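This report concerns only the one structure given below.
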Protein chains: 2
Amino acid sequence: MVALSVSLKKSVTLFHALSDETRLALLEQLIEGEQCVCELTDAMKATQSRLSFHLKVLKDAGFIRDRREGRWMYYSIDPDAVEELETVVNTLKLVAKSAVSANRCC
Amino acid sequence: MVALSVSLKKSVTLFHALSDETRLALLEQLIEGEQCVCELTDAMKATQSRLSFHLKVLKDAGFIRDRREGRWMYYSIDPDAVEELETVVNTLKLVAKSAVSANRCC
DNA sequence: TTGACTAATCAAGTTTTGTTGATATATACA
DNA sequence: TGTATATATCAACAAAACTTGATTAGTCAA
């Protein structure tokens, strides 16, 4: 069987991190550049603990990095995870193209 | 603000469909080509109703198509949704690359 | 018709995710 | 020190997703 380039579990983690509107909005917001939590809560009109939760999911998946500076925590997009995601999707794409021949069964 | 190429909600649907191990395994299985549910349940050692559930999620997101032939339902990968996914990921990638300049805040 | 077979759907229960408000931790500054 | 500020974490609850077993719907063949 052809396999996805990255392990299933890792792929699930990547996709799960992106399967939430708040988290995608966070990434969109971070396109503007590195920002601290206070700016993010401001921009997104979300409570601090809610964002903290979602930031953790994105960070655990590798999509963002954090950096402390004094009392502030700065978050930014980490291109590596996006790269990894791209790899998975590219495999999926190749696969989709080749998966046209029908097998009868039953 | 820069925006993702596809609406947030649509992106969430796409990513959510891929954020489950069973569903990714289903797609991997479908790489082999069009298959009926009975072959899929066989190959994946999963119950019929469970697969039916996951097939529906994948179908609703657009990743697979179905086709009835007699009593059998044949499923196959639909390259269009994968294409759409690729678009989203490409945007994310471009964005990740450009999102390096830091903004101070607070 | 009826019976057998394939797959979808449904209802009930379980598990996972997300939200909220409160508390803890870390840093800075007076 | 003590106090204020920024953020993480936790516990309790709510909501969404998944699983299971049973039922239903569609198709075929006798």
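Order of the sequence lines sets the chain letters (A, B, ...), proteins ahead of strands, with each chain counted from 1. Note that this is a predicted model, so its numbers are computed, not measured.
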Between [N] atom [atom2] and [X] atom [atom1], what is the distance in whole Å?
{"X": "B/L51", "N": "D/dA17", "atom1": "CG", "atom2": "P", "answer": "19 Å"}
{"X": "B/M44", "N": "D/dT19", "atom1": "CE", "atom2": "P", "answer": "10 Å"}
{"X": "B/K9", "N": "D/dA16", "atom1": "NZ", "atom2": "C1'", "answer": "15 Å"}
{"X": "B/Y74", "N": "C/dA7", "atom1": "OH", "atom2": "C1'", "answer": "13 Å"}
{"X": "A/D42", "N": "D/dA6", "atom1": "CG", "atom2": "C1'", "answer": "13 Å"}
{"X": "A/L40", "N": "D/dA8", "atom1": "CG", "atom2": "P", "answer": "10 Å"}
{"X": "B/D20", "N": "C/dT17", "atom1": "CG", "atom2": "C1'", "answer": "14 Å"}
{"X": "A/Y75", "N": "D/dA6", "atom1": "OH", "atom2": "P", "answer": "15 Å"}

Sequence neighbours excluded - salt bridge (Lys or Arg N to Asp or Glu O under 4.0 Å) pairs with any residue from residues 9-18 of chain A: A/K9-B/E21, A/K10-A/E84
Under the salt bridge (charged side-chain N to carboxylate O under 4.0 Å, His left out) test, residues paired with B/D42 that sit two or more places apart: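 Per chain and number, B/D42 pairs via salt bridge (charged side-chain N to carboxylate O under 4.0 Å, His left out) with no residue.
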Salt bridge (charged side-chain N to carboxylate O under 4.0 Å, His left out) partners of A/D80, counting only residues at least two apart: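 Per chain and number, A/D80 pairs via salt bridge (charged side-chain N to carboxylate O under 4.0 Å, His left out) with no residue.
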Is it the case that one hydrophobic cluster holds both [X] and [Y], taking links as side-chain heavy atoms less than 4.5 Å apart, direct or via other members?
{"X": "A/M44", "Y": "A/L18", "answer": "yes"}
{"X": "A/V12", "Y": "B/I31", "answer": "yes"}
{"X": "B/V57", "Y": "B/I64", "answer": "no"}
{"X": "B/L8", "Y": "A/L14", "answer": "yes"}

Contact list for DNA chain D against residues 56-64 of chain A - heavy-atom distance below 4.0 Å: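 By residue number: A/K56.
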Residue-phosphate contact under 4.0 Å: B/H54 side-chain N/O, D/dT19 OP1/OP2: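 Answer yes for this pair, as a side-chain N or O of B/H54 is under 4.0 Å from OP1 or OP2.
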Phosphate OP1/OP2 of D/dA17: any A/H16 side-chain N/O under 4.0 Å: no
B/R50 and B/T22 side chains, donor-acceptor separation under 3.5 Å: yes
Angle of first-five versus last-five pair axes in the helix from C/dT1-D/dA30 to C/dA30-D/dT1, to 10 degrees: 10°
Donor-acceptor contact present, side-chain B/E69 to main-chain B/R67, <3.5 Å: no
Pairwise 5' ranking along DNA chain C for A/F53 and B/D66, keeping only the more 5' one: B/D66
Derivation and outcome, side-chain contact (heavy atoms from CB on, under 4.5 Å), residues A/D78 and A/F63: CA-CA 5 Å; A/D78 184 338; A/F63 285 108; over 6 Å; no
Base versus backbone protein contacts along nucleotides 22-30 of chain C [heavy-atom cut-off under 4.0 Å; B, S, -]: B----BSS-
Side-chain ion pair, A/R65 and A/E34, N-O less than 4.0 Å: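 Result for this pair is no, no salt bridge flagged.
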